[in-house]
Enquirer: 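Dumping the structure here so I can ask a few things about it.
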Amino acid sequence: MWLLCVGLLVLDLVWSYGALIAVTVTTCRKALTILISFIAFSKPFTVQYVLAGGVIFIGIFLNVYSKNRDQMLPMCLSIARKQRLWMQKVLRTSSRFGSESGQQYKMVQSV
């Protein structure tokens, strides 16, 4: 009976908010369950858990990126362009205080 209620809750999430929100909620619930199991049962926490979590997040990002590439690519390029302009401004400002910073600015320009 309890399983039926959970299934209906997930279907209601899909109908009301869409599949992305429903999958996000169920994934967060699973992650919270894993975190609680580490606290409750004192398992040894190893690097493999962190690596596995990283692989999962990279997979989710690549999945979302592949579906929204046309919208995300201009946004990523815009962020990279703004970051480059900000870095050039910072290096220009800091080049007034020493020759070492000026050399760093030349390196950034050549990239």
Enquirer: Do Val23 and Val14 belong together in a cluster built from hydrophobic side chains that touch within less than 4.5 Å?
Expert: no

Enquirer: Under 4.5 Å between side-chain heavy atoms, chaining through other members, with only Ile, Leu, Val, Met, Phe, Trp and Tyr counted: pull out the rest of the cluster around Val47, sorted by chain and number.
Expert: Leu51

Enquirer: To the closest 0.5 Å, what do you measure between CE (Met87) and CG (Leu85)?
Expert: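 With rounding to 0.5 Å, CE (Met87) is 12.5 Å from CG (Leu85).
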
Enquirer: Please list, one pair per line, the donor and acceptor atoms closer than 3.5 Å that link side chains of residues 33-40 to other protein atoms, with sequence neighbours excluded.
Expert:
unit_1: Thr33; atom_1: OG1; unit_2: Arg29; atom_2: O; d: 2.8
unit_1: Ser37; atom_1: OG; unit_2: Ile34; atom_2: O; d: 2.7

Enquirer: With rounding to the nearest 0.5 Å, note down the distance linking CG in Leu91 to CH2 in Trp86.
Expert: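 Leu91 CG to Trp86 CH2: 8.5 Å, rounded to 0.5 Å.
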
Enquirer: Grouping I, L, V, M, F, W and Y whenever their side-chain heavy atoms are under 4.5 Å apart, do Ile58 and Phe61 come out in a common cluster?
Expert: yes

Enquirer: For residues 47-59, which residue pairs qualify under side chain to side chain donor-acceptor pair (under 3.5 Å), counting only residues two or more places apart or in two chains?
Expert: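 Sorted result for residues 47-59: Thr46-Gln48.
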
